[in-house]
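Keep in mind that what you see is a predicted model, and the values were worked out from it rather than measured. All residue numbers in this chain count up from 1 along the given sequence. Below, all heavy atoms of this structure are taken into account, side chains as well, without hydrogens, waters or symmetry copies. We count ligands from 1, going down the list as the structure has it; atoms in each ligand are counted the same way.
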Amino acid sequence: MIRKFRYSDLKDILEIEKRAFPKSPYSKFTFLYYASAYPDNFLVYIPENNEEGLNKIVGYIIFYPGGHIISIAVHPAYRRRGIGTELVGEVLKRTEGNASVEVRESNEVAKGFYKHLGFSLQTIIPGYYGDEDALVMIRKGT
Ligand SMILES: CC(C)(COP(=O)(O)OP(=O)(O)OC[C@H]1O[C@@H](n2cnc3c(N)ncnc32)[C@H](O)[C@@H]1OP(=O)(O)O)[C@@H](O)C(=O)NCCC(=O)NCCS
């Protein structure tokens, strides 16, 4: 199930974030900023048939209204089950299939993930992450 972020999700989100981006996790304050600035565009994924019921968050996505993905992460134990695809699908539903994202050049998994979803390389931003370039990947709707 996918629903909007609630403040009680924060603990799970921070745990996912730490595992997904060990070098540069977003802080609690960054998540709270996005939750207040874009409450409709911060979504979480809850697996069905889990012991913790409606409180178990295993993935999230945050995006700008125009379809630019700010961040997405899925808990390592729940990857390769289509959850990331479903989360990006929620963005594409709202934007007629148009979206964009910056990806670290070294993030082979993310590059493969977005290619699989129909994104392609638009440009490179040198030094975007300080220590690394960003690939800007875009998807055009049909
Ligand atoms: C990127 C990420 C969100 C993908 O989530 P996910 O739920 O595992 O993705 P899906 O199961 O929907 O994968 C869809 C497709 O992407 C590709 N893909 C995903 N993970 C992959 C991997 N580890 N290796 C190769 N291809 C991969 C595959 O084509 C996959 O389809 P398949 O499983 O049928 O082969 C997840 O790996 C993650 O949280 N990574 C760390 C955070 C991150 O890098 N975020 C993106 C920053 S821009």
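Shown here for T95 and G67, the closest heavy-atom pair between the two residues is CG2-CA, 3.7 Å. Closest heavy-atom contact between I16 and H75: CG2-N, 3.9 Å. Contact between G118 and R139 at its shortest, heavy atoms only, is O-CG, 3.6 Å.
A heavy-atom cutoff of 4.0 Å around ligand 1 is satisfied by the protein residues A20, F21, I72, A73, V74, R79, R80, R81, G82, I83, G84, T85, E102, N107, V109, A110, F113, Y114, H116.
Salt bridge status for R104 with D133: absent, with no side-chain N to carboxylate O gap under 4.0 Å.
You'll find the ring centres of Y60 and Y45 outside the 6.0 Å limit.
Ring-plane geometry between F42 and F5 is classed as parallel, the angle between the planes falling under 30 degrees on a 0 to 90 degree scale with a further cut at 60.
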